[in-house]
Amino acid sequence: DGWGKNFLYIFSSLGLGCLCEHDGKVNAEGVGQSKTPHLIFIMVDDQGYGDVGYHGSDIHTPVLDQLAAEGVKLENYYVQPICSPSRSQLMTGRLFISIYYIHNRKMTVPLCLPPDVPTLPERLAEAGYATHMVGKWHLGFSRPDCLPTRRGFQSFLGTLTGSGDHFSYQSCDGAEACGFDLHDGNRPAWEMRGNYSTLLYIERCCILQSSAFQSRVKKILQSHNSQRPLFLYLSLQAAHTPLQAPDVFLHHYDTQSNRQRRHYAAMLSCLDEGIAELVKELKTSGLYQNSVLIYSSDNGGQPLSGGSNWPLRGGKGTYWEGGIRAVGFVHSPLLKRKGMVSRALIHVSDWYPTLLGLAGALQPHYKLDGHNVWASISEGLPCPRTEILLNIDPVSRKPGEPYDKALELNGFGIWDTAVRAALRVGDWKLLTGNVGDGDWIPPQALPVGPERWEKLEKRRNRLGKSVWLFNVSADPYERFDLAEVRPAVVKHLLARLAEYNHTAVMARNPPDDPMADPELHGGVWSPWLGLEGWGRNEKDKDGKKGKTPKVRHCKLCKLKALFKKVESRLERKTLF
């Protein structure tokens, strides 16, 4: 069909052929090559477990399918149920409860990664790596020291917030504040507006075809000295809402009647083609043979926004498998076993010590929550990880909810089961509290029209239920709750939750700061605290010193922002 012809053209024109060479051993210490591998980490946004070709999807992802087939597919791989926690655990190797439990994740909250916790790029830079980031940060930006270029990355092109328009880069915090969010280093990249984010980052620029607007990934790879190891963190906003894609990719799905699914699919097809360009450039630049490429989604797909986690249960924002079991694979000529499926228990926090191990960096003196899982992936050796704390959310408990049933009856006096928590130990998975919508949603169940919910299998829990137990090795779709028939297992896992809870830092839930409003900062989402002297000593990619951001410090401005917030909340209350 037309689709197949298009991708035959892509494969032949890009010279991909077999994406991974299998003949003979790879010499990582060849002439002009770094002795440590180049590390390419690709994190995609909101890709559902069922939204990749090799999981039987209706979405065409031939490049991802081939890369995964020639590498190692991770089929027991977990992330967090929403964006920011997964990214923080990748960057720190620490569980969310161990470093900074922030419950309010709005853009206007004055929090970010704690400065005393070294990030992955900081550690890799110490080991001699060139470190570059392209894409979505979403780890806080209230102060200049929170920015990617202050947390270990030598260069940064991307967005600071969680989502925004893929063409205009306008990002809104609800109805209360909107601003421009595309940054090249520490400056707003106004001149790049109008270019679709995935193409701008990886493939090509759609509007201005000048060298200045060459895709950032290609520019990094082409200019990199292969004698120095490279860490490239490509963090794409696709396929997060708003659902937008160039027309050429939308036309591949003209027969798809569900508008959300059509746009979502087109975004992933564009992403797939971009990954092909990245691999081609790795080869052209002479970096491929000594590279390790890791691909990961940050959480499960959102069915109401076109995503599918079928046949898993639940979706983004939940602790059911559909919210936390992710698409993931490793592709590298350095793998000792290729074309394999790994069922080792792996968590997103494991990449921190794993990549440090590949880089030959000293492991930190403090305890990490992640494990070095390279031998398990590459050689199939036993995995050092046997359990994953998926989260404990103390703020989730509803005020006034009685403790007698949640703690004494359902929790055996060990754990307050009204608290939202999830834990995987061996084959077992325990959930407590309100862990999110647990429906099974096949992709064809969401057509446009009044029948959109007819094919859903709705969960039906009896009133007061707050504990679930599953053997997810035997029952990965979480259809058979064993909490009542295996009380000894429940007690053991509740005790483990209680032990983990002793290590948790206090949840921080500060109020919004009206001074974060982009209207006070030239219409741009940018730091608003600790700005004294910022910009005077910063240099952009051309070596020029930047200008100190113009910030309006006045009581009237602060009052204006505060009234704007109150007004927008009153309007929303009236509307809804």
For this session: Test V292 against I40 for side chain to side chain contact (heavy atoms under 4.5 Å, CB included), laying out the working first.
Result: CA-CA 6 Å; V292 175; I40 316 296; over 6 Å; no

Supply the atom-to-atom distance [X] [atom1] to [Y] [atom2], rounded to the nearest 0.5 angstrom.
X: S349; Y: M91; atom1: OG; atom2: CE; result: 13.0 Å
X: S171; Y: Q237; atom1: OG; atom2: CD; result: 8.0 Å
X: W374; Y: W351; atom1: CH2; atom2: CH2; result: 8.0 Å
X: N309; Y: R325; atom1: CG; atom2: CZ; result: 11.5 Å
X: I324; Y: I388; atom1: CD1; atom2: CD1; result: 8.0 Å
X: S376; Y: H371; atom1: OG; atom2: NE2; result: 10.5 Å

Exercise. side-chain hydrogen bond (donor to acceptor under 3.5 Å, both in side chains) between T354 and D350: does it pass, once the steps are laid out?
Worked result: CA-CA 6 Å; T354 300; D350 295 331; over 6 Å; no

Flag side-chain contact, heavy atom, 4.5 Å: [X] against [Y]:
X: H331; Y: Y288; value: yes
X: H183; Y: T159; value: no
X: F180; Y: P518; value: no
X: I220; Y: V134; value: yes
X: K316; Y: C83; value: yes
X: Y78; Y: N76; value: yes
X: S291; Y: L39; value: no
X: W525; Y: T108; value: yes

Side chain of [X], backbone of [Y]: donor and acceptor closer than 3.5 Å?
X: T131; Y: A125; answer: no
X: H521; Y: M515; answer: yes
X: S285; Y: L282; answer: no
X: S396; Y: R420; answer: yes
X: T61; Y: L64; answer: no
X: N391; Y: D393; answer: no
X: S342; Y: K73; answer: no
X: T36; Y: A359; answer: no
X: R193; Y: F167; answer: no
X: N195; Y: M192; answer: yes

So which atom in [X] and which in [Y] form the shortest heavy-atom distance, rounded to 0.1 Å?
X: I377; Y: V72; answer: O-CG2, 3.6 Å
X: S296; Y: Y77; answer: OG-OH, 2.7 Å
X: P110; Y: L529; answer: CB-CD1, 3.7 Å
X: L113; Y: R151; answer: O-NH1, 3.5 Å
X: P118; Y: Y352; answer: O-OH, 3.1 Å
X: Q47; Y: V52; answer: NE2-CB, 3.9 Å

For this session: Using distance alone, with no hydrogens and no angle criterion, decide if D46 and S297 have a side-chain donor and acceptor under 3.5 Å apart.
Result: no

Problem set entry | Side-chain donor-acceptor pair present, S305, Y264, cut-off under 3.5 Å |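 Per modelled atom types, S305 and Y264 side chains form no pair under 3.5 Å.
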
Exercise. Are E277 and K280 close enough, and set up right, to give a salt bridge (charged side-chain N to carboxylate O under 4.0 Å, His left out), and what steps lead you there?
Worked result: CA-CA 5 Å; E277 290 279 354; K280 178 189 175 186; 5.1 Å; no

Exercise. So V327 and D51, side chain to side chain contact (heavy atoms under 4.5 Å, CB included) or not? Walk me through it.
Worked result: CA-CA 8 Å; V327 174; D51 293 328; over 6 Å; no

For this session: Evaluate the criterion salt bridge (charged side-chain N to carboxylate O under 4.0 Å, His left out) for residue pair R87 and D45; output intermediate values, then yes/no.
Result: CA-CA 11 Å; R87 295 163 199 276; D45 211 340; 3.6 Å; yes

For this session: Mind running side chain to side chain contact (heavy atoms under 4.5 Å, CB included) on Y500 and I392 for me, showing each step along the way?
Result: CA-CA 9 Å; Y500 275 112; I392 295 172; 4.1 Å; yes

Problem set entry | Pair Y196 + H166: ring centers closer than 6.0 Å | yes

Problem set entry | Pair Y295 + F329: ring centers closer than 6.0 Å | yes

For this session: Start with the C-alpha distance between Q154 and Y129, add both sets of side-chain angles, then the distance that settles side chain to side chain contact (heavy atoms under 4.5 Å, CB included), and finish with yes or no.
Result: CA-CA 10 Å; Q154 294 171 228; Y129 273 71; over 6 Å; no

Exercise. Would H38 and H224 count as a ring-ring contact (aromatic ring centres under 6.0 Å, His included) if you check the C-alpha gap in whole Å, the side-chain angles of each, and the deciding distance to 0.1 Å?
Worked result: CA-CA 11 Å; H38 307 294; H224 183 72; 5.7 Å; yes

For this session: Tell me, with the steps shown, if Q244 and D165 meet side-chain hydrogen bond (donor to acceptor under 3.5 Å, both in side chains).
Result: CA-CA 8 Å; Q244 299 168 306; D165 190 284; 2.9 Å; yes

Problem set entry | CA sep, side-chain torsions, deciding dist, call: S215, Y201, side-chain hydrogen bond (donor to acceptor under 3.5 Å, both in side chains) | CA-CA 5 Å; S215 93; Y201 294 155; over 6 Å; no

For this session: Take the angle between the ring planes of F231 and F153 and call it parallel below 30°, perpendicular above 60°, tilted in between.
Result: parallel

Seminar exercise, completed: Residues at least two apart in sequence or cross-chain that pass side chain to side chain donor-acceptor pair (under 3.5 Å) with S378, listed by chain then number, are none

For this session: Test T161 against D181 for side-chain hydrogen bond (donor to acceptor under 3.5 Å, both in side chains), laying out the working first.
Result: CA-CA 7 Å; T161 63; D181 182 28; 2.6 Å; yes

Problem set entry | Salt bridge R216-D184, side-chain N to carboxylate O under 4.0 Å | yes

Exercise. Can you tell which of S142, C112, P144 makes a side-chain contact (heavy atoms from CB on, under 4.5 Å) with P527?
Worked result: P144

Problem set entry | Of D369, I97, T503, the residue whose pairing with L389 passes side-chain contact (heavy atoms from CB on, under 4.5 Å) | I97

